Participant: 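Sending over a structure as structure tokens; questions will come in a sec.
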Amino acid sequence: MTDPVGISPSELDQLPDRDTEETAEWAASLDAVTKAAGPQRAAYLMRRTLQHAEGAGIALPKLLETDYVNTIPTAAEPAFDGDEAMEARITAWNRWNAAAMVTRGSRFGVGGHIATFASAAWLYETGFNHFFRGKEGDGSGDQLYIQGHASPGIYARAFLDGRLSEDQLDRFRQESGGDGLPSYPHPRRLPWLWEFPTVSMGLGPLSAIYQARFNRYLQNRDIKDTSNSHVWAFLGDGEMDEPESTTAITLAAREQLDNLTFVINCNLQRLDGPVRANFRVVQELEAQFRGAGWNVVKTLWGSAWDELFQLDTQGALVRRLRAVPDAQFQTYATRDVAYIREHFFGAEPALAELGRLLTDAKIAECFHTSRGGHEARKVYAAYKAAVEFKGAPTVILAQTVKGYTLGPGFESKNANHQMKKLSGKEFRAMRDLLELPIPDAKLDEDLVPYGHPGADSPEVRYLQERRAALGGPAPARRVHAVALPEPADRSFSALLKGSGKQEMATTMAFVRLAKELMRDKETGKRWVPIVPDEARTFGMESLFPSAGIYSPLGQTYEPVDRDQLMYYKEAKNGQILNEGITEAGAMADFIAAATSYATHGEPMIPFYIFYSMFGWQRTADQMWQLADQLGKGFIVGATAGRTTLTGEGLQHADGHSHLIASTNPASLNYDPAFAYEIAVIVKDGLRRMYGPEAENVFYYLTVYNEPKPQPAMPEGVEEGILKGLYRFKEAANATAETPRVQLLGSGTAIHWALEAQELLAADWGVAADVWSATSWGELRRDALECDEALLRGEVRTPYVTQALEGAPGPVLAVSDWMRQVPDQISQWVEQDYSSLGTDGFGLSDTRAAARRHFGVDAQSIVVAALAQLTRRGEVPASAVKEARERYGL
């Protein structure tokens, strides 16, 4: 079929046209309008037609990009619910104190950011005055993800309402004394104020999406009514370049998270210069979010532009705005009116004519400062539209001037992100612009003063009244201590008894334990299993029909395996979060669940299980975010180690996650060898994280996919399991003359050590004790604490030193990890110490071949032990060579 309008072939050519003559008439009408009134008029009519069709419920693809104008026209803005003049005074004080705080701190060289809050002040103030629900009202309040570089403005507001003092403001970025303010939102450093750490850019938007989703999860599982909680994420347009910023926006739209709003401060600048120098980032973001299914509200132009748009009868202004790249518009904000008249209005005759109708003052106001993000009414209209929109999340694209009100030395300058202070002259100009009652005499002093209208001033009373009406101060973090009862002992008994002759991998042992704990009457519903589309790999498919996979839509289809016992079951109240192939999304889920005890006053127990290689290596930044946010739960690196995952090779072979994990002070890292060790660790972890004296820690456990018989727990080993080391099997028939060696093994390596114990005794007459090193990291943590105590005059002996005290012979540590992991404890071991490990890249092969390749199998352990004893003169030097030849090494 030939297209009636002669356009290139498209998907329309595949559809039947039941009336080609009618189609041709529509095309001819469009051609006639184009010829008579121009292409702009034709485009306008087409868009009006599409808009009408959408309103009539006709299913059509949406336009991904609209004109470079405000979504909400001035005439459609709702009535402003507040005292605009009063809010302007409050905002002025906050602007001043934010700039003063950073400037005063600059004398100590601690830095700070001024320009970000200066551009975003009204975006925050409008929310605080009208929209952000506090935690003292009904429900959990709103969750606020504050842009990290805007923190001075949030501190300034807390100072105005009496939550911070001048002394605290003067300790911005000076925390060592214990009463300072952290640079950025940081719950671990200022836990009564900040809920969410956001300055690792990109993690804020990702976490906000999964927080909104987790709110719905709690609601749908009847754990907490979160219907009045709204998630607000404040972001920079430059931050949107981070892949994490947009990686989950389709999920937010797919699950209709209308409890979520992104506020993107489009000041068109990132840290070094324009965000999209040769393009238009607002239009790019609009298309991206519309395409993902979000509601998009553009708040670009201030009211000064109304006159320009009313005069633009030919659409020339809109066309020009659509064409000017961001970097050029930044230039307009810093150049004089003559330049703007020539370069902007001189682009075409219709624009030149429009320009002649405008005064210089009007042009200067429009191009230098008048932006939608700087006007309370326009921001209010956008926020009201966002919270009232149903069926999809909303993104507000608010244009601002970076450095607004800080003067021409700051506004729209490429370097303003790195500018840390204002001069006295700039402060005077700022004071005059903001109309603040600060006398010149105060500005002549060495330090610019903080400003405060008084605790009983109209401004402070208004601020506090608005916050009281919205449910109390914000931002704020509240922890309602809710200790969970300990699970029944029977949940742990199967693992403590061992598996007899049946072989079971420790990955499966953990899953069985989790399944039992999820059945617990008191706490079972609080477990949150999280998996990134690898449940079957870890033997978790048995949880599908019993716990269900969470889906806000339930299951709208008949699963292909419905006739099987372990069929794929989705449910609106499902307990499992199966995220698909996204470790970042699964980790964001974990953070939301791990901090629910504070966010919602509902302690949840998440366990996130994943290929160990794709945990700390891939999402370690989020593990730090978890620690910053004081999260709790169990992170489980399954199919762990460099040699246990046969056939997968380099990209799946994890020999280093414990080393990365050891850098995180909040992570308690265990590498258990046996099922009973897992039971003891998990039980104590529940006590430490969710008991009456709950600690702000989380656990990292590595478990293996190598089936082995699981022994019953020996007596008296609980302390050693938790502290990191205990003697599992002592050498038999050793005498005082028998050469001795101590073999320390963690995880699956203990089985190689046990085999080596037998070989050493049978082939070489060497007695070896085998120790289970459940946690190299906890042994090191304890030893470091002892060293610190010594500096305070307290003499304490590290546990590892005590445990090995008097143990005869050298110590040889072995694991399925690189040698740096067990070497963490070497300096506190009094005996001669050496280690074996899987340093280097992984490879595809059988377990036996891989272990021989890395030199960690039983025979390699024997040779290494003999070499240690040879150096001590306790076995003949020939033994090492003989052993290598005997074992084919």
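Worth saying up front: this structure is predicted, and the values here are computed from it rather than measured. For the single chain, residues carry numbers from 1 onward in sequence order.
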Participant: Is atom CD of Glu794 surrounded by more than 12 heavy atoms (other residues, nucleotides or ligands) closer than 6.0 Å?
Facilitator: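 Atom CD in Glu794 is crowded, with more than 12 foreign heavy atoms closer than 6.0 Å.
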Participant: Under 3.5 Å, is there a donor-acceptor pair between the side chain of Thr774 and the main chain of Ile721?
Facilitator: yes
Participant: Would Arg819 and Asp839 pass as an ion pair if we require N to O under 4.0 Å?
Facilitator: no
Participant: Answer yes or no: is there an ion pair linking Glu602 with Lys224, defined by an N-O contact shorter than 4.0 Å?
Facilitator: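 No, Glu602 and Lys224 are not salt-bridged.
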Participant: Side chains of Thr507 and Asn705: is there a donor and an acceptor less than 3.5 Å apart?
Facilitator: no
Participant: Just list the side-chain donor-acceptor pairs under 3.5 Å for residues 479-498, sequence neighbours left out, or say none.
Facilitator:
residue, atom, partner, partner atom, Å
Asp489, OD1, Lys683, NZ, 2.9
Ser491, OG, Ala488, O, 3.4
Ser493, OG, Arg490, O, 2.9

Participant: What I want to check is whether the side chains of His658 and Thr702 have a donor and an acceptor closer together than 3.5 Å.
Facilitator: yes
Participant: Are the charged groups of Arg213 and Glu255 less than 4.0 angstrom apart, N to O?
Facilitator: yes
Participant: Any idea how Tyr550 and Tyr217 line up, ring-wise: parallel (<30°), tilted (30 to 60°), or perpendicular (>60°)?
Facilitator: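 Perpendicular.
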Participant: Answer yes if the side chains of Glu677 and Tyr726 hold a donor-acceptor pair under 3.5 Å, and no otherwise.
Facilitator: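 Yes.
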Participant: Can you confirm whether the side chains of Gln575 and Trp527 place a donor and an acceptor under 3.5 Å from each other?
Facilitator: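 There is no such pair (donor and acceptor under 3.5 Å, judged by atom type) between the side chains of Gln575 and Trp527.
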Participant: With a cut-off of 3.5 Å and sequence neighbours excluded, list every side-chain donor-acceptor pair involving residues 529-544.
Facilitator:
residue, atom, partner, partner atom, Å
Glu534, OE1, Thr537, OG1, 2.4
Ser542, OG, Lys515, NZ, 3.4

Participant: Charged N to carboxylate O below 4.0 Å: is that the case for Arg851 and Glu755?
Facilitator: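 Looking at Arg851 and Glu755, the cut-off is not met.
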Participant: Which residues pass the side chain to side chain contact (heavy atoms under 4.5 Å, CB included) test with Thr599, sequence neighbours left out?
Facilitator: Gln143, Glu195, Phe196, Gln211, Thr595
